[in-house]
There are 2 protein chains.
Amino acid sequence: MKNNINEPSGIQADDCPSVDGLRMTRQRSEVYKVLMDHRDHPTAGEVFERAKENMPTISLATVYNCLEALVQHGAVRQVNFERESSRYCPNLTEHGHFHDEESGEIIDVPLKKGAMLSDLLELPEGAQIDNLEITLRGTIAE
Amino acid sequence: MKNNINEPSGIQADDCPSVDGLRMTRQRSEVYKVLMDHRDHPTAGEVFERAKENMPTISLATVYNCLEALVQHGAVRQVNFERESSRYCPNLTEHGHFHDEESGEIIDVPLKKGAMLSDLLELPEGAQIDNLEITLRGTIAE
DNA sequence: AGCACTTTTTAGAATAATTCTAATTATTGA
DNA sequence: TCAATAATTAGAATTATTCTAAAAAGTGCT
Ligand SMILES: [Mn+2]
Ligand SMILES: [Mn+2]
Ligand SMILES: [Zn+2]
Ligand SMILES: [Zn+2]
């Protein structure tokens with residue numbers, strides 16, 4: 001029997017990352033797979049559309065629930081551009097996001113290895129940073 | 001007569017910054033003054049509440065309209081934290097925002113003079129940055 | 001000032017992303 | 001197998017924001 005405590009019946013291991021303390025249901029796996037497969041930054045609605053291809057019965061509420069669970073367990077990141085719908089990102093390395101206004105594409109912008117945030121910013125005395133979000137908008141010279 | 005072409009009757013000069021090409025109405029002045037006076041980062045609803053103290057007839061729609069006009073003309077900045085209501089900031093210097101999770105306060109975080117964004121980020125080849133948003137969440141050691 | 005024209009304000013309706021509710025289904029662990 | 005817990009679901013509710021259309025205000029003539 002290949003199923004273990006983290007793998008409910010019928011789920012393959014590669015659909016089923018063992019996220020610390022998060023029960024990996026079929027729906028959560030499917031949502032996670034959608035993000036891993038495309039590696040772009042879809043909205044909840046887009047995740048829903050893609051998930052329905054493999055799992056026609058999944059609901060939008062469940063997609064929201066799964067995304068929230070994955071975000072809370074650090075398996076996925078939530079990305080916001082201004083007031084637009086939230087987008088979701090499977091890239092867990094420290095990075096910001098560049099929104100190309102011409103193509104509409106969202107490009108991951110890695111933080112340079114070893115760079116200090118305090119070289120760029122006059123941080124408040126004693127500040128302890130729990131979360132950093134860097135968002136860029138612009139164009140790319142052709 | 002002290003009124004000039006940019007100062008409709010009854011408005012004092014200091015309520016009435018001459019924002020390039022933006023007609024400075026009583027409502028826009030009031031909204032702008034609310035932001036300049038408190039220098040925190042209120043939501044549209046909070047601006048509405050404060051504006052009503054001086055101008056009881058102003059409407060929420062107008063507050064939204066004024067804020068949009070001021071943002072579009074660069075007199076004020078719009079700041080977003082995750083999915084919360086937009087906040088508005090009268091500080092036009094380049095800065096990010098630190099949200100102190102304990103006090104709830106939002107603190108301006110100046111960009112260090114002369115610091116290069118490309119020292120921190122692996123920017124896409126040929127990227128031209130039109131807009132940069134830096135958002136931090138955390139606590140301040142007591 | 002009087003008049004046409006444009007812009008702004010306003011109250012209230014509409015929108016849309018997200019969250020909530022409550023019922024059903026699935027999973028766990030004894 | 002069975003009770004307890006957790007997840008999923010459809011649809012309703014929420015809420016920040018935008019839209020609509022009518023009234024008011026401002027502008028630039030003459
Ligand atoms: Mn876009
Ligand atoms: Mn807070
Ligand atoms: Zn990303
Ligand atoms: Zn600010």
Side-chain angles (χ1 to χ4, degrees), chain A residues 1 3-11 16 18-32 34 41-49 51-52 54-73 75-76 78-88, chain B residues 1 3-11 16 18-19 21-32 34 41-49 51-52 54-73 75 78-88:
Chain A
M1 177 70 79
N3 292 335
N4 69 21
I5 197 170
N6 280 321
E7 293 171 351
S9 51
I11 316 259
C16 207
S18 219
V19 178
D20 66 88
L22 181 65
R23 186 189 292 176
M24 205 30 90
T25 63
R26 293 193 314 120
Q27 288 85 351
R28 286 174 182 165
S29 271
E30 178 58 34
V31 164
Y32 185 71
V34 161
H41 296 84
T43 62
E46 288 164 351
V47 172
F48 179 47
E49 289 310 315
K52 273 197 291 193
N54 279 340
M55 188 181 278
T57 58
I58 196 171
S59 76
L60 179 57
T62 297
V63 169
Y64 273 104
N65 290 341
C66 292
L67 288 169
E68 183 184 32
L70 291 166
V71 167
Q72 278 180 336
H73 285 77
V76 146
Q78 183 168 6
V79 176
N80 296 294
F81 282 93
E82 332 250 293
R83 302 256 85 220
E84 295 173 20
S85 314
S86 282
R87 296 177 173 277
Y88 297 87
Chain B
M1 178 68 83
N3 293 334
N4 69 19
I5 197 169
N6 279 324
E7 291 171 353
S9 52
I11 316 258
C16 205
S18 221
V19 178
L22 181 66
R23 185 190 293 174
M24 206 30 89
T25 62
R26 291 194 314 121
Q27 287 83 351
R28 286 174 183 164
S29 271
E30 178 59 34
V31 165
Y32 184 73
V34 162
H41 296 83
T43 62
E46 288 165 350
V47 172
F48 180 47
E49 288 311 315
K52 272 199 292 193
N54 278 340
M55 188 182 278
T57 59
I58 196 170
S59 75
L60 179 58
T62 296
V63 170
Y64 272 104
N65 290 341
C66 291
L67 288 169
E68 183 184 34
L70 290 167
V71 167
Q72 279 179 337
H73 285 77
Q78 185 169 5
V79 176
N80 296 294
F81 283 91
E82 331 251 293
R83 304 254 85 220
E84 294 171 20
S85 313
S86 283
R87 295 178 173 276
Y88 297 86

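Every chain is numbered from 1 and lettered A, B, ... according to where its sequence line falls, protein lines coming before strand lines.
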List in chain and number order the residues that pass side chain to side chain donor-acceptor pair (under 3.5 Å) with A/Ser85, two or more places apart in sequence or in another chain; answer none if no residue qualifies. none

Out of curiosity, A/Arg26 CZ to A/Thr57 OG1, how far, rounded to the nearest 0.5 Å? 6.0 Å

Starting at CG of B/Leu67 and ending at P of D/dT17, how long is that distance when rounded to a whole Å? 10 Å

Roughly how many Å is it from CZ in B/Phe48 to C1' in D/dT17, rounded to a whole number? 14 Å

Closest heavy-atom pair and its distance - B/His41, B/Glu46: O-OE1, 4.4 Å

Would you give a per-nucleotide map of nucleotides 4-16 of chain D, 5' to 3', where B means the base has a protein non-hydrogen atom under 4.0 Å away, S means only the sugar-phosphate does, and - means neither? --SSBBBB----S

Round to the nearest Å and state the distance from B/Glu82 atom CD to C/dT18 atom P. 13 Å

With side-chain hydrogen bond (donor to acceptor under 3.5 Å, both in side chains) as the rule and sequence neighbours excluded, what pairs involving residues 60-73 of chain A come up? A/Ser59-A/Thr62

Would you mind reading off the distance between B/Lys52 atom NZ and C/dT10 atom P, rounded to a whole angstrom? 12 Å

Rounded to 10 degrees, the angle between the two terminal axes of the helix from C/dA1-D/dT30 to C/dA30-D/dT1, each from five pairs: 40°

Tell me: CD of B/Glu46 to C1' of D/dT17, nearest whole Å? 16 Å

Non-hydrogen atoms of B/Met55 and B/Gln27 that approach each other most closely: SD-CG, 3.9 Å

With sequence neighbours excluded, residues passing side chain to side chain donor-acceptor pair (under 3.5 Å) with B/Asn80: A/Arg83, B/Ser86

Can you sort out the partners of B/Glu49 under salt bridge (charged side-chain N to carboxylate O under 4.0 Å, His left out), two or more places apart, ordered by chain and number? B/Lys52

Assess whether side chain to side chain contact (heavy atoms under 4.5 Å, CB included) is satisfied between A/Val71 and A/Tyr88, documenting all intermediate values. CA-CA 9 Å; A/Val71 167; A/Tyr88 297 87; 4.0 Å; yes

